[in-house]
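Data first, discussion second: the structure below is written as structure tokens.
What you see is a predicted model; the values in this text were computed from it and never measured. In this chain, numbering begins with 1 at the start of the sequence shown.
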Amino acid sequence: MSSLRIYNDNDFSQPLVFTEDGAEISRQLNEVGIRFERWCTRELEEGATPDSILAAYQAEVEKLKAENGFTTADVVSLTPTHPQKDDFRKKFLDEHRHSEDEVRFFVRGQGLFYLHLDDKVYVVLCRKNDLISVPNGTRHWFDMGPAPEFTCVRLFTNPEGWVAQFTGDEIASKAPRFEQLIEAA
């Protein structure tokens with residue numbers, strides 16, 4: 001089940017808000033400019049290729065492209081046996097921002113988005129069926145956990161794809177990690 005935790009950015013001992021209600025997650029995030037929606041997923045073959053996943057979600061991808069000016073879409077997928085999983089996890093764990101919206105639709109699996117907005121950190125557990133759109137310039141980071149298991153459709157305006165500008169803020173090292181929030185639950 002998807003969830004939202006909201007913390008003060010100087011105190012991660014207890015969330016100010018915790019909910020697993022999809023409508024409430026969407027409401028809370030929409031209030032701060034983050035798009036969060038639940039979409040229906042399609043049954044895909046085991047080992048579906050990125051092209052077949054994009055084909056299955058072509059209507060949704062084209063709609064997002066038209067609404068937001070995205071030019072490209074791709075599929076990212078990681079499993080616990082991926083040889084570079086630790087490197088990929090480390091790459092996303094520091095606070096950063098982008099010059100374009102970061103859009104992810106979870107086709108399978110899960111991951112945590114941390115959104116640093118003013119003096120709060122919104123921790124969003126995205127799972128299968130979740131679409132999240134983080135506006136450009138938003139300070140955030142992503143934790144896929146030590147045994148990542150997810151497949152996401154990603155959309156970009158920049159043909160180079162994922163390009164991060166790291167903030168240098170060490171807040172991400174102070175926040176609870178995937179293991180503390182998800183695996184312990």
* To do: Can you establish whether the number of heavy atoms outside Asp118 located under 6.0 Å from its atom CG is more than 12?
  =>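 Incorrect, the count does not exceed 12.
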* To do: Report, as yes or no, whether the 6.0 Å neighbourhood of atom NZ on Lys120 holds more than 12 heavy atoms from other residues, nucleotides or ligands.
  =>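 More than 12 heavy atoms, drawn from other residues, nucleotides or ligands, come within 6.0 Å of this atom.
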* To do: Kindly indicate, with the supporting measurements, whether the criterion salt bridge (Lys or Arg N to Asp or Glu O under 4.0 Å) is fulfilled by Glu170 and Lys174.
  => CA-CA 7 Å; Glu170 294 188 16; Lys174 300 171 187 168; over 6 Å; no
Under a single-linkage definition using a 4.5 Å side-chain heavy-atom cutoff for Ile, Leu, Val, Met, Phe, Trp and Tyr, are [X] and [Y] assigned to the same hydrophobic cluster?
{"X": "Val123", "Y": "Leu93", "result": "no"}
{"X": "Met144", "Y": "Tyr122", "result": "yes"}
{"X": "Ile25", "Y": "Val17", "result": "yes"}
{"X": "Phe142", "Y": "Leu115", "result": "yes"}
{"X": "Phe70", "Y": "Tyr57", "result": "yes"}

* To do: Would you please test Ser2 and Leu125 for side chain to side chain contact (heavy atoms under 4.5 Å, CB included) and show each step?
  => CA-CA 5 Å; Ser2 307; Leu125 172 60; 5.5 Å; no
Taking [X] first and then [Y], would you say they form a salt bridge - that is, a charged N and a carboxylate O separated by under 4.0 Å?
{"X": "Arg154", "Y": "Glu102", "result": "no"}
{"X": "Lys63", "Y": "Glu67", "result": "yes"}
{"X": "Arg42", "Y": "Glu60", "result": "yes"}

* To do: Could you check Asp11 against Ser13 for side chain to side chain donor-acceptor pair (under 3.5 Å), going step by step and ending with a plain yes or no?
  => CA-CA 6 Å; Asp11 181 5; Ser13 63; 2.6 Å; yes
Could you pull out the closest heavy-atom pair between [X] and [Y], with the gap in Å?
{"X": "Trp141", "Y": "Ala175", "answer": "CZ2-CB, 3.8 Å"}
{"X": "Glu149", "Y": "Pro80", "answer": "OE1-CD, 2.8 Å"}
{"X": "Ile132", "Y": "Cys126", "answer": "CG2-SG, 4.0 Å"}
{"X": "Gln110", "Y": "Ile182", "answer": "NE2-CG2, 3.8 Å"}
{"X": "Asp101", "Y": "Asn136", "answer": "OD1-N, 2.9 Å"}
{"X": "Thr151", "Y": "Ser77", "answer": "OG1-OG, 2.9 Å"}

Indicate the ring-plane relationship of [X] and [Y], choosing parallel, tilted or perpendicular according to the 30° and 60° boundaries.
{"X": "Phe113", "Y": "Phe106", "result": "perpendicular"}
{"X": "Phe92", "Y": "Phe88", "result": "parallel"}
{"X": "Phe12", "Y": "Tyr7", "result": "tilted"}
{"X": "Phe105", "Y": "Trp39", "result": "tilted"}

* Flag, side chain of Asp130 to backbone of Arg127, donor-acceptor distance under 3.5 Å -> yes
* Does Glu100 use its side chain to pair, donor to acceptor, with the backbone of Thr157 at less than 3.5 Å? -> yes
* To do: Go through the steps for Leu4 and Phe18 under the test side chain to side chain contact (heavy atoms under 4.5 Å, CB included), then give the verdict.
  => CA-CA 6 Å; Leu4 170 66; Phe18 173 77; over 6 Å; no
* **Audit row: Gln28, Ile6, side chain to side chain contact (heavy atoms under 4.5 Å, CB included) steps and yes/no** => CA-CA 10 Å; Gln28 291 269 351; Ile6 303 174; 3.4 Å; yes
* Asked: side chain to side chain contact (heavy atoms under 4.5 Å, CB included) between Leu29 and Glu37: does it pass, once the steps are laid out?
  -> CA-CA 10 Å; Leu29 291 175; Glu37 299 172 1; over 6 Å; no
* **Those residues that, when tested against Arg177, pass side-chain hydrogen bond (donor to acceptor under 3.5 Å, both in side chains) (two or more places apart)** =>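 Scan of Arg177 (side-chain hydrogen bond (donor to acceptor under 3.5 Å, both in side chains), adjacent residues dropped) gives none.
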I'd like to check [X] versus [Y] (side-chain heavy atoms, cut-off strictly below 4.5 Å). Are they in contact?
{"X": "Phe178", "Y": "Arg89", "answer": "yes"}
{"X": "Val107", "Y": "Phe150", "answer": "no"}
{"X": "Leu64", "Y": "Leu131", "answer": "yes"}
{"X": "Phe36", "Y": "Val124", "answer": "yes"}
{"X": "Val61", "Y": "Leu155", "answer": "yes"}

Measure the spacing between [atom1] of [X] and [atom2] of [Y] and express it to the nearest 0.5 Å.
{"X": "Asp21", "Y": "Thr19", "atom1": "CG", "atom2": "OG1", "answer": "5.0 Å"}
{"X": "Ile53", "Y": "Glu45", "atom1": "CD1", "atom2": "CD", "answer": "10.5 Å"}
{"X": "His140", "Y": "Asp94", "atom1": "NE2", "atom2": "CG", "answer": "11.5 Å"}
{"X": "Lys128", "Y": "Arg38", "atom1": "NZ", "atom2": "CZ", "answer": "10.5 Å"}
{"X": "His98", "Y": "Arg139", "atom1": "NE2", "atom2": "CZ", "answer": "14.0 Å"}

* Do His96 and Phe166 have ring centres separated by under 6.0 Å? ->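 His96 vs Phe166: aromatic centres under 6.0 Å.
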* Structure fact -> Which of Asp169, Thr138, Asp9 passes side chain to side chain donor-acceptor pair (under 3.5 Å) with His116? Answer is Asp9
* Show your reasoning for whether side chain to side chain donor-acceptor pair (under 3.5 Å) applies to Ser3 and Glu20. => CA-CA 4 Å; Ser3 66; Glu20 293 178 326; 5.4 Å; no
